[in-house]
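Remarks on the structure that follows.
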Amino acid sequence: MTEEIAKRWSNEIEEQITQKWVEEEPFKFNVDDVIKNNKKVYSIDTPPPYVDAPIHIGQAVTYSMMDMFARYKRMKGFAVLFPLGLDRNGLPIEMAAQKKFNITPEQVGREKFLEYCRQILEESSNESIKTFMRLGISFNSYKFGENIGQAYMTDSNDYRLLTQKTFYEMWKKGLIYEGNYISNYCPGCKTTLADSEVVYEERTKKLWYVKFKVKETDETIIIATTRPELLGSCKAVIFNPDDDRYKHLQDKTAITPLGDEVKIFASNYASMEFGTGLVMMCSFGDLTDIRFFREHKLEPVILIDENGLMNEKAGMLKGLTVEEARKKIVEWLKQNDAITKEETITARVPVCERSKHQIEFIQVPELYLKQEAFKQELMEIAKQINFYDEASRQMLLNWIESINQDWPISRKRYYATAIPLWYCEKCGNPIIGDEQKYYEPWKDKPPVQQCPKCKHTKFKPETRVFDTWFDSSISCLYILGYKKHDDFFKIAFPCTLRPQGKDIVRTWLYYTLLRVYLLLGKAAFKDVWINFHIVDAKGKKMSKSMGNVIDPKQLIEKYGSEALRLWCVVEANITKQDMKCKEEKIKAETKTITKLLNIARYIAQFDYVDESHISNQTDKSFLEKLNELIDLCDKCYDTYDFHNPAIKLKHFLWEVFASHYIELTKARAYSNDKSAVATLYAAMKRLLLLLYPIIPIAASYIYERLFKADILHENFPAKINIKAEVDFSKIQEINSIIWKYKKEKGLSLKAELASAVLPELHKDVIEDLKRAHNIKQVFSGDNIKIE
RNA sequence: GGCCCCGUGGUCUAGUGGUUAAGACGCUGCCCUCACAUGGCAGAGAUCCCAGGUUCGAAUCCUGGCGGGGCCACCA
């Protein structure tokens with residue numbers, strides 16, 4: 001007796017099945033088996049979500065899609081490496097700790113502060129993991145551990161040790177150096193930022209018109225500036241070479257309100273339209289200033305210190321933040337009658353991607369990883385990888401093209417991977433750690449007793465930590481067991497797929513390709529799948545402040561995870577554009593699940609008949625349509641396209657299978673015609689297998705009841721070996737005409753028809769048509785006619 | 001300023017040289033027919049952004065325009 005198939009789909013069924021998957025770990029990655037039996041590996045470098053935030057709709061959708069990739073590849077015989085990672089590094093943890101315990105790292109000291117951070121992480125709910133479980137994401141394991149395929153955390157000693165190991169490798173190759181350059185500095189995060197972490201935003205700013213004097217002629221000139229606090233670092237006043245108003249000032253000397261004397265000359269950097277056409281060049285208000293100083297070999301005066309405060313060179317502004325300094329100098333200038341006008345302008349300003357504070361440019365020593373020298377090679381790498389969608393490649397190429405300095409990898413922060421360096425107190429010689437353990441120099445001793453250069457025995461520990469992307473950019477190496485499981489790594493590298501959002505192309509994707517290229521000389525991935533975002537029903541970006549955030553947990557609660565999974569592939573192609581999220585559309589997909597369930601219930605009332613009994617031409621004609629679908633799905637799934645197959649599968653389910661085939665063959669099925677029943681089972685089996693990657697929970701539920709087997713162990717279906725004489729579309733067409741005729745005549749669908757003229761078709765098909773539509777007599781002819 | 005993507009019924013999407021331009025959501029009407037009322041059937045609703053061009057033929061290819069979006073560079 002077949003176990004009863006539910007009439008309605010429910011969250012209880014979903015929970016029961018997904019719970020079982022979590023407990024029994026059927027997707028476990030077996031490294032030994034892979035190595036011993038030389039299995040082909042398909043690996044996914046999953047993007048670790050941030051621990052403390054519950055997962056958002058975009059993650060729910062993209063992880064569901066990754067799950068489809070993973071499940072499809074398993075059906076195709078791959079050993080699929082699909083690990084769950086959690087990102088636990090970086091500033092958000094520090095900020096949360098500071099806020100919750102109302103402390104600052106400066107107050108409590110490094111070790112104590114790290115403890116507070118760990119406490120925050122300890123209390124983190126792991127909410128995201130529960131949602132992944134509920135969505136049926138087939139991670140290799142939901143248990144944390146250090147074996148291949150187990151769930152991992154980016155702040156584990158194991159992960160951090162690999163970060164340090166790769167650091168040694170690059171250090172030894174001479175790719176890392178200490179440089180004292182102008183860096184992006186975020187006053188909010190109190191740290192240096194790489195260019196990739198800087199974005200531009202439209203902001204309103206004040207523009208002040210300040211009086212300068214010309215020394216030689218004593219005339220007053222007016223200069224517009226948004227950065228009066230940098231007046232003390234002014235080294236030149238410029239005007240556009242075509243600006244007739246100021247040509248007479250060439251090579252004269254300007255006196256700033258502070259009394260400094262600077263040269264006046266022409267430069268293309270000045271635009272005639274902006275302000276008064278005269279510009280004061282300071283060190284450094286923006287990137288143009290930096291370039292200008294370099295080109296004119298001017299000695300910069302740095303007024304802002306490593307902490308973002310005005311230093312002693314700033315005179316009366318010393319100790320103030322930049323904001324405070326600006327206020328104070330404006331007041332002072334006003335008192336001295338040096339300001340003629342004040343305007344509000346809008347301009348695009350560089351801001352910190354995370355905290356949105358305006359970037360300052362300050363000079364700080366940082367460790368740099370060489371990248372500028374490898375632009376060409378990386379462009380080549382970018383061209384070798386398959387991009388899905390192909391158009392996404394351009395985002396990466398654009399970014400590589402625009403790189404114009406090396407990557408600062410050190411940060412003055414705390415909760416991140418330690419930089420394993422010590423410096424000889426006598427000669428300053430840097431000492432690196434070794435691969436034995438994860439080092440924290442401020443509390444660990446270096447692996448050597450004395451400085452190899454001067455034999456001195458005292459060392460100063462490095463207290464800076466790595467940029468969080470320096471960790472993240474080796475995730476693909478970590479999951480493949482780099483420098484740990486050499487025999488596995490050898491066969492599994494490069495990683496097959498990197499799935500990720502378009503917003504982190506210039507960080508996560510770029511840095512990973514850079515790191516892996518520098519370490520191994522190859523592309524890190526075979527395929528890269530870039531997703532766009534989920535936006536609200538109106539196409540607006542979801543944000544807490546707008547109040548338009550859609551919580552995936554609530555959607556699952558209301559409609560189930562299968563409806564959500566089906567919706568996200570049917571709705572649109574997320575690799576091409578943002579996808580709008582409308583609840584009604586998700587709700588609508590519950591109907592498809594119900595339909596599938598009910599077709600299964602219909603089939604289950606007949607005793608199973610195997611495929612060898614398929615002989616009827618109607619049946620063969622129908623199955624041939626399914627064969628086409630098998631081909632299409634296979635071809636599309638292989639290129640990460642689930643959108644088009646999902647639409648076709650839905651259509652097949654509703655139209656071809658339910659409306660036409662089942663209605664046409666009911667008479668035969670109820671009279672236990674072996675060919676008809678065998679066809680129902682054969683078709684349903686294929687259809688479930690095709691749907692399985694998309695809606696695995698429902699597919700496995702039905703499969704188990706109809707075929708008494710676990711769908712997880714099945715292969716991707718092969719085409720059914722049949723040859724049909726009739727095109728099923730032709731049959732559908734005739735059905736529609738007859739249904740429409742009866743409708744128009746106000747006849748019931750069961751009403752008897754005296755006769756019909758139908759095209760020449762196989763007798764099996766004519767017989768089914770006669771019984772389905774209750775036609776007494778059928779004549780053949782080219783024009784369909786019903787009476 | 002450079003590069004890229006998109007513009008199909010009210011809404012969201014398919015279709016990428018020849019189709020009566022497809023589907024879903026929404027809307028209207030009829031029907032509880034023994035798998036399914038979380039259903040079935042039917043209907044209304046599209047100058048396929050505009051203008052040229054290529055072609056026997058264009059929503060589909062080309063050019064220009066208009067509109068929307070993205071990435072990068074960036075004005076003191």
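First the proteins, then the strands, lettered A, B, ... as listed; each starts at 1.
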Between CG of A:Leu597 and P of B:A37 the distance, given in whole Å, is 12 Å
Roughly how many Å apart are B:A73 and B:G67, using the P atom of each and rounding to a whole number?
26 Å
message: Checking A:Asn735 against A:His660: is there a side-chain donor and acceptor pair closer than 3.5 Å?
response: yes
**Message:** Quick check on B:U38: is either OP1 or OP2 less than 4.0 Å from any side-chain nitrogen or oxygen of A:Ser10?
**Reply:** no
Over all strands shown, is A:Ala600 touching base, sugar-phosphate only, or nothing at heavy-atom distances under 4.0 angstrom? nothing
Item checked: Centroid-centroid under 6.0 Å between A:Tyr701 and A:Trp9 rings -> yes
Whole-Å distance, A:Ile702 CD1 to B:C36 P, equals 15 Å
By nearest-nucleotide position on RNA chain B, the 5'-leaning member of A:Arg601 and A:Ile238 is A:Arg601
| message | Once you measure the plane-to-plane angle for A:Phe265 and A:His296, does it fall in the parallel (<30°), tilted (30-60°) or perpendicular (>60°) bin? | response | tilted
Per-nt protein contacts along nucleotides 8-28 of chain B (heavy atom under 4.0 Å; B base, S backbone sugar-phosphate only, - none) come out as ---SBSSS--------BS---
Between B:C30 and B:C48, how far is it from one P atom to the other, in whole Å?
34 Å
Practice problem: Please measure how far the C1' atom in B:G18 lies from the corresponding atom in B:C61, and state the result in whole Å. | Solution: 14 Å
From NE2 of A:His533 across to P of B:C5 the rounded distance in Å is 19 Å
Taking a pair to mean Watson-Crick or G-U wobble geometry with both distances below 3.5 Å, B:C32 pairs with none
For a quick check of understanding: with a heavy-atom distance under 4.0 Å over all strands, which category does A:Glu583 fall into, base, sugar-phosphate or nothing? nothing
Under 4.0 Å, counting only non-hydrogen atoms across every strand here, what does A:Gln605 touch: a base, just sugar-phosphate, or nothing? sugar-phosphate
### Separation of the P atoms in B:U28 and B:U63, to the nearest angstrom
46 Å
Centre-to-centre under 6.0 Å for A:Tyr559 and A:Trp567, is that the case here?
no
**OP:** Looking at every strand, decide which applies to A:Trp567 at a 4.0 Å heavy-atom threshold: base, sugar-phosphate, or nothing.
**Re:** nothing
- Task: Would you please say whether a donor-acceptor pair under 3.5 Å links the side chains of A:Asp641 and A:Thr639?
- Result: no
Residue pairs meeting salt bridge (Lys or Arg N to Asp or Glu O under 4.0 Å), one or both in residues 504-513 of chain A, sequence neighbours left out, come to none
- Item | C1' gap between B:C31 and B:C12, integer Å | 29 Å
Could you tell me how far B:A59 sits from B:U20 if I compare only their P atoms? Round to whole Å. 13 Å
Whether each nucleotide of nucleotides 70-75 of chain B has a protein heavy atom under 4.0 Å at its base (B), only at its sugar-phosphate (S) or at neither (-) is summarised, 5' to 3', as SBSBBB
Separation of B:C34 atom P from A:Asn598 atom CG, nearest Å, is 13 Å
Taking a pair to mean Watson-Crick or G-U wobble geometry with both distances below 3.5 Å, B:G64 pairs with B:C50
Mark yes or no for whether A:Thr256, through its side chain, and A:Asp260, through its backbone, hold a donor-acceptor pair below 3.5 Å.
-> yes
By side-chain hydrogen bond (donor to acceptor under 3.5 Å, both in side chains), A:Asp289 pairs with (sequence neighbours left out) none
Separation of B:U38 atom C1' from A:Glu562 atom CD, nearest Å, is 16 Å
Partner of B:U11 under the Watson-Crick or G-U wobble criteria, both distances under 3.5 Å, comes out as B:A24
In whole angstroms, the gap separating C1' of B:G40 from CD1 of A:Ile662 amounts to 13 Å
Taking a pair to mean Watson-Crick or G-U wobble geometry with both distances below 3.5 Å, B:A59 pairs with none
Paired with A:Tyr661, the ring-ring contact (aromatic ring centres under 6.0 Å, His included) test is passed by just one of A:Phe652, A:Trp654, A:Phe622, namely A:Phe622
Across all chains, not counting sequence neighbours, the side-chain hydrogen bond (donor to acceptor under 3.5 Å, both in side chains) partners of A:Lys211 are A:Asp337
Result for 5'-nearest mapping on RNA chain B, choosing between A:Thr590 and A:Ala658, is A:Ala658
message = Please give the distance between the C1' atoms of B:G26 and B:C62 as a whole number of Å.
response = 38 Å
For A:Asn398, the side-chain hydrogen bond (donor to acceptor under 3.5 Å, both in side chains) test, sequence neighbours excluded, returns A:Gln394
As its Watson-Crick or G-U partner within any shown strand, both distances under 3.5 Å, B:A37 has none
pair_partner(B:C3), Watson-Crick or wobble, both distances < 3.5 Å, evaluates to B:G70
**Asked** What integer number of Å spans the P atoms of B:A42 and B:A24?
**Response** 11 Å
inquiry  = For the aromatic rings, using the six-membered ring if either is Trp, is the centroid distance between A:Tyr185 and A:Phe361 under 6.0 Å?
reply    = no
Separation of B:G69 atom P from A:Asp503 atom CG, nearest Å, is 19 Å
